[in-house]
Trainee: 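What follows is a single structure, and I will ask about it in a moment.
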2 protein chains.
Amino acid sequence: MTIASDLIRGNTDTIILASLMKKDSYGYEINKDISAKTAGEYEFKEATLYTAFKRLEEGGFITSYWGEDNVTARRRYYSITERGKEEYIKLLNDWNKSKNMIEKLIDTGVIVNGE
Amino acid sequence: MTIASDLIRGNTDTIILASLMKKDSYGYEINKDISAKTAGEYEFKEATLYTAFKRLEEGGFITSYWGEDNVTARRRYYSITERGKEEYIKLLNDWNKSKNMIEKLIDTGVIVNGE
DNA sequence: ACAAGATACCTCGCCTGTCAAGGTATTTTT
DNA sequence: AAAAATACCTTGACAGGCGAGGTATCTTGT
């Protein structure tokens, strides 16, 4: 939350696809997984998450189906497609490239407490 | 250009401030410096650049003055303020934090050709 | 028994940053 | 004389994030 979301933006889709690379999942769970992985430091806003799902499904990168026989509230599961896997790889490459570029551009030799 | 600008977004201000940490400069030159540093891979769109200057000046992070006695077209020089230097350090920290977070979230063990 | 919180989904409308497209003015190169 | 480079600026459209609101079910605390 403290961290500017404009820094995460552009990685939203990558993060979701990365999550779905491991297993089919649903919105609420994906968010909880992210929260766990970052020790509670990050979580998508719901509106952001569901907007992203819609965008990814329209792009053919994921498909969805309703989870059955679940005891709790109904869940819409998402599954990554072949196209989605390719996109994930592409996005990873984009990230690596731009990450290196950004580091080149923002470095002035100042020492910052890395974390 | 090839690289999604949503990945750069959020670092725009940091990049400009980093440039001004070294010396006073003006829009056109800052952009050319960025282009040189990235071997022509990146450059801000003019509209983006001038919007950022305005935002940074309104925030008190930079100040501007007209360059005199220059032979070519008139130049508006920008100078980073004390507040701007503090902001730069803060933004660097934000970047480091979110970079680590993103890497944690998008990694699935897939090997990508690093560049 | 009932309220509160957790689980789980969704939409509308605002805000912010990017950028295509347009414009101005001067100097240098062809 | 024309074209390209230097240098600035604004407008309006567009996309993504997200606050605020809504729905429905199940579990937990008192």
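Each chain gets a letter, A, B and so on, in the order its sequence line appears, and its residues count up from 1. All of these numbers come straight from a predicted model, not from anything done at the bench.
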Trainee: Could you work out how much the helix from C:dA1-D:dT30 to C:dT30-D:dA1 bends, comparing the axis of its first five pairs with that of its last five, to 10°?
Mentor: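 That helix has its two terminal axes inclined by roughly 20°.
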Trainee: For A:Lys23, look at atom NZ and say whether over 12 heavy atoms of other residues, nucleotides or ligands are found less than 6.0 Å away.
Mentor: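 Atom NZ in A:Lys23 is packed in, count exceeds 12.
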Trainee: Taking the basic N atoms (NZ, or NE/NH1/NH2) and the acidic carboxylate oxygens, is any pair closer than 4.0 Å for B:Asp94 and B:Lys90?
Mentor: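 Yes, charged N to carboxylate O under 4.0 Å.
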Trainee: What pairs of donor and acceptor atoms, side-chain ones from residues 57-65 of chain B against any protein atom, are under 3.5 angstrom apart with sequence neighbours left out?
Mentor:
{"unit_1": "B:Glu57", "atom_1": "OE2", "unit_2": "B:Ser64", "atom_2": "N", "d": "3.2"}
{"unit_1": "B:Glu57", "atom_1": "OE2", "unit_2": "B:Ser64", "atom_2": "OG", "d": "2.9"}
{"unit_1": "B:Ser64", "atom_1": "OG", "unit_2": "B:Arg76", "atom_2": "NH1", "d": "3.1"}
{"unit_1": "B:Tyr65", "atom_1": "OH", "unit_2": "B:Asp24", "atom_2": "OD2", "d": "2.6"}

Trainee: Expressed in angstrom and rounded to an integer, what is the separation of B:Tyr65 atom OH from D:dA7 atom P?
Mentor: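 Answer to the nearest Å: 14 Å.
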Trainee: Could you tell me which residues satisfy ring pair (Phe, Tyr, Trp, His ring centres under 6.0 Å) with A:Tyr78, sequence neighbours excluded, listed by chain and number?
Mentor: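 If we apply the ring pair (Phe, Tyr, Trp, His ring centres under 6.0 Å) test to A:Tyr78, skipping adjacent residues, the hits are A:Phe53.
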Trainee: So, using side-chain hydrogen bond (donor to acceptor under 3.5 Å, both in side chains) as the criterion, who are the partners of A:Arg55 when residues are at least two apart?
Mentor: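 A:Arg55 satisfies side-chain hydrogen bond (donor to acceptor under 3.5 Å, both in side chains) with A:Asp13 only.
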Trainee: With sequence neighbours left out, what residues match B:Tyr28 under ring pair (Phe, Tyr, Trp, His ring centres under 6.0 Å)?
Mentor: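 B:Tyr28 satisfies ring pair (Phe, Tyr, Trp, His ring centres under 6.0 Å) with no other residue.
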Trainee: What's A:Glu29 touching, base or sugar-phosphate or nothing? Going by heavy atoms closer than 4.0 Å.
Mentor: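 The residue A:Glu29 makes no contact with any strand.
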Trainee: Counting only side-chain N and O atoms of B:Tyr50, is one of them less than 4.0 Å from OP1 or OP2 of D:dC8?
Mentor: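 Checking D:dC8 against B:Tyr50, a side-chain N or O does come within under 4.0 Å of OP1 or OP2.
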Trainee: Does NZ belonging to A:Lys32 count more than 12 external heavy atoms closer than 6.0 Å?
Mentor: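 Atom NZ in A:Lys32 is packed in, count exceeds 12.
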Trainee: Specify the separation, in whole Å, of atom OH of B:Tyr28 and atom C1' of D:dC8.
Mentor: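 It works out to 11 Å between those atoms.
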Trainee: State whether A:Arg74 places a side-chain N or O below 4.0 Å from either non-bridging phosphate oxygen (OP1 or OP2) of C:dT7.
Mentor: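 It does not, given that no N or O in the side chain of A:Arg74 lies less than 4.0 Å from OP1 or OP2 of C:dT7.
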Trainee: Summarise protein proximity over nucleotides 11-17 of chain D in one line of letters, 5' to 3': B for base, S for sugar-phosphate only, - for none, counting protein heavy atoms closer than 4.0 Å.
Mentor: -----BS
Trainee: Whole angstrom is fine here: how far is it from CG in A:Leu49 over to C1' in C:dC9?
Mentor: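 Taking CG of A:Leu49 and C1' of C:dC9, I get 11 Å after rounding.
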Trainee: Is the shortest side-chain heavy-atom distance between A:Met101 and B:Ile8 below 4.5 Å?
Mentor: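 In short, these two side chains touch, coming nearer than 4.5 Å.
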Trainee: Per the atom types in the model, does the base of D:dC18 pair as donor or acceptor with the side chain of A:Glu46 at under 3.5 Å?
Mentor: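 Side chain to base: no pair below 3.5 Å.
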